[in-house]
Amino acid sequence: MVVSLIDTHCHLDSEGFHQDIDQVIQRATDTGVERMLTIGVDLETSQAAVLLANRYPCVSAVVGIQPNYAQEAKPGDWAAIEDLATHPRVVGVGETGLDKYWDVAPLEIQRDYFIRHIELSRRLNKPFVVHCREAEAEVVEVLQAEAGNGPLSGLMHSFCGGETTANICVNLGLYISFAGMLTFRKNEDLRAVAKLVPRDQLLVETDAPYLAPLPNRGKRNEPSWVRFTNDCLAQVHGLTPDEMAALTTANAKRLFRI
Ligand code: NI
């Protein structure tokens, strides 16, 4: 029997999937991926995510404005996201967070949108998805401040931060989601961090079409390959792949209420 997996973060609306989206989803289903969460980075891609979730029963949507797109968001886009987020096929809000690597939007604007997503998450009772790139201290600062307004429900997506950040996020009740980077040979440090995350707060994702895990590094990533990251995480925690799949799937279902 194939044990179920959930890919908690992928970009199925991406141009890389336009030609063969049916086959990509079929391959995922055939290899035990029971659900994929496709996520938007701006209004247009968030609308696309909802269309995909409407078309495929095994796809759910997450909608929001990613920090690198915060600057170019038009007036009215945020109101449209708030409206879209109430859609029954939408299970979370994001991507949100802070990104000092690309540095395309001023940090103040990114922070403003980050806080809006957390507030929307609270209002709708749907978790938020955090993108954090070279901004760990700043992200933690926002999260800690927001935790003062009540419990947080969310996850750190494609986590590649350090032990301190992981610990703080775990203590704030957030889930930690690992992507293909976990499998890369040189990322011993990341695996050491993954080992410290409590088992009931672990998630797996592909971030497809980006960041394909070993043994497919460098290729177009797709949800069926989430098992490579799950298997790596299993090894890190001294579990079988099936045991880890059961855990990460139960965790995703609990967080997103799917
Ligand atoms: Ni992403």
Side-chain angles (χ1 to χ4, degrees), residues 5-18 21 24-25 28 33 35-53 59-73 81 84-85 90-105 110 113-114 117-118 121 126-136 139 154-161 169 174-184 190 203-213 216-226 228-230 248 252 255-256:
L5 283 161
I6 294 180
D7 181 356
T8 60
H9 188 119
C10 54
H11 299 268
L12 295 177
D13 67 293
S14 161
E15 212 174 310
F17 291 127
H18 284 181
I21 183 69
V24 165
I25 289 176
V33 179
R35 182 152 301 279
M36 292 147 252
L37 271 51
T38 191
I39 187 159
V41 294
D42 60 9
L43 178 57
E44 196 186 343
T45 52
S46 293
Q47 287 165 334
V50 174
L51 286 177
L52 284 160
V59 174
S60 301
V62 179
V63 300
I65 296 178
Q66 205 256 17
N68 294 323
Y69 295 79
Q71 167 94 313
E72 56 192 62
I81 289 285
L84 203 56
V90 173
V91 298
V93 297
E95 311 185 22
T96 184
L98 302 174
D99 190 323
K100 292 202 317 191
Y101 177 79
W102 292 108
D103 199 29
V104 290
Q110 297 188 34
Y113 272 93
F114 189 10
H117 282 83
I118 295 173
S121 154
K126 295 181 180 184
F128 57 87
V129 177
V130 179
H131 163 107
C132 174
R133 191 132 186 225
E134 290 188 6
E136 285 178 57
V139 162
L155 70 94
M156 302 296 288
H157 120 81
S158 197
F159 190 81
C160 55
C169 292
L174 301 177
Y175 290 63
I176 311 289
S177 181
F178 292 97
M181 278 113 75
L182 187 75
T183 69
F184 297 171
L190 185 57
L203 296 171
V204 286
E205 65 173 79
T206 57
D207 208 8
Y210 318 106
L211 293 169
N216 297 322
R217 188 173 179 178
K219 297 187 185 155
R220 180 193 73 172
N221 198 2
E222 60 172 63
S224 64
W225 295 348
V226 74
F228 296 116
T229 299
N230 180 80
T248 55
L255 177 63
F256 288 100

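Just so we're clear, the structure is a prediction, and the values are computed from it rather than from any experiment. Note that ligands are numbered from 1 as they come in the structure, with each ligand's atoms numbered from 1 the same way.
When the Ni ion (ligand 1) is compared with the N/O/S atoms of His9, atom NE2 turns out nearest. The atom of Asp207 nearest to the Ni ion (ligand 1) is OD1, with the search restricted to N, O or S atoms. Distances from the Ni ion (ligand 1) to each N, O or S atom of Glu95 single out OE2 as the nearest.
Judged by distance alone, the side chains of Asp13 and Thr45 never bring a donor and an acceptor atom under 3.5 Å apart.
Counted within 6.0 Å of CD on Gln71, heavy atoms from surrounding residues, nucleotides or ligands total more than 12; the atom is thus considered enclosed. No more than 12 heavy atoms of other residues, nucleotides or ligands lie within 6.0 Å of OH in Tyr69, so this atom counts as exposed by the packing criterion.
At a cut-off of 2.8 Å, His11 is counted among the residues with an N, O or S atom near the Ni ion (ligand 1).
Note: Phe114 and Phe128 have perpendicular aromatic rings, judged against thresholds of 30 and 60 degrees for the angle between ring planes.
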